[in-house]
Amino acid sequence: MTTSIPISQTQHFNWQECLWYLNRGFDDCIYQVRAGSVRRAFELEGQQMLVDISYADGSLKLQWLAGLQSTSTINHVHQFVADWFDLERDLTSFYTHLQANKSLAYMADNFKGLRFIGMPDLFESLAWGIIGQQINLSFAYKLKRRLVETYGTSLRYDNEQYWIFPSPANLASLEPAVLRDLQFSQKKAEYLITIAKLFADNAISKPILFALPDFLSRQKLLTDIRGIGVWTANYVLMKSLKENSSIPYGDVGIINALIAHSIISDKKDVKAIDAFYSEFPGWESYLTFYLWRSLAVKPGN
DNA sequence: TCCCAGGAAGTTC
DNA sequence: GAACTTCATGGG
């Protein structure tokens, strides 16, 4: 059976752009992009599900290939997908800001309809942030795949295997040495296990973060955890909690994109970076995402 | 070989 | 506090 999720502001929605970003040359083990659709497995209350997501007539269509459709599973997956593709955003103001900047105006056309691709699962988002620290993205995706294929769960459908990110409980009891075998550094192994324990003990969760009064208090809760600095905290707040004004300071990708657009000339010029971002109040996270998008090049473009 | 990767923590001055 | 050092390994 198929279910449907409406999209706000469909004039600023381009499904092919979103799919292209998902499939932009990195090997993410957590979903599979096909022609016109993406497939992803979910797990809720011990139930595994597989959903094929496509676009038609102003809404996303979810075809349930496997797993139980109940009120709770449908609600869970719908909320996840709406967050994943930022379906409720109105980009009109963002594009106005882009067009006001000579160097970036092209993005409002070239990337039109690309929604912020989020990571709704907070644990996955934090784990991914830690994995991605200071290593190139190709290697980071390899580490993620090894982690998921060793400690995650999966389901088979139509001769394909669909992986589900390991639960905190499954990682909390590990020794760092077994992650070292997957080529995690000692520190990343320790960080990841520590965070898995915090999740397993319910010391951190989306509701806990959302209950805090503002951005800085959420950031502090995260950076007080060993292994999470400002970069990781702001990355996660942007990708998972949909903070609009989060800038992952120090991000190599952002710096390279700003240099490529002749917006800064020195990676240490924090003042120039802040001045640039101040042109996009409320859209700092989107701007960051579009800068990352600019680093990936479409064949033929 | 050398330098860089979508950093963080610890140490030194 | 700013500036190094260490971690750790793939990729160009």
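Order of the sequence lines fixes the chain letters, A, B, ..., with proteins taken first and strands second; residue numbering starts at 1 for each chain.
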Centre-to-centre under 6.0 Å for A:Trp128 and A:Tyr141, is that the case here?
yes
Length of the line joining A:Gln186:CD and B:dG10:C1', which is rounded to integer Å
16 Å
C:dT9 phosphate, OP1 or OP2: any side-chain N/O from A:Arg180 under 4.0 angstrom?
yes
Report yes if at least one side-chain N or O of A:Asn256 is closer than 4.0 Å to OP1 or OP2 of B:dA5; otherwise report no.
yes
What's the gap between C:dA8 and B:dT11 when it is taken at their P atoms, as a whole Å value?
16 Å
Do we get A:Arg24 above A:Tyr21's six-membered ring, with its NZ or CZ under 6.0 Å from the centre and within 45° of the axis?
yes
Base, sugar-phosphate alone, or nothing: which one does A:Ile255 contact when heavy atoms must sit under 4.0 Å apart?
nothing
Rounded to whole Å, how long is the line connecting atom CG of A:Leu222 with atom P of B:dG7?
17 Å
Does A:Asn136 get its side chain close enough to the base of C:dG10, under 3.5 Å, for a donor-acceptor pair?
yes
Under 4.0 Å between a Lys/Arg side-chain N and an Asp/Glu carboxylate O for A:Asp27 and A:Lys142?
no
Show your working on side chain to side chain contact (heavy atoms under 4.5 Å, CB included) between A:Trp84 and A:Tyr31 and close with a plain yes or no.
CA-CA 12 Å; A:Trp84 190 10; A:Tyr31 55 78; 3.8 Å; yes
Please evaluate the base of B:dA5 for a donor-acceptor partner in the side chain of A:Gln134 within a cut-off of under 3.5 Å?
yes
Side-chain N or O of A:Lys188 versus OP1/OP2 of B:dG7: is the shortest distance under 4.0 Å?
no
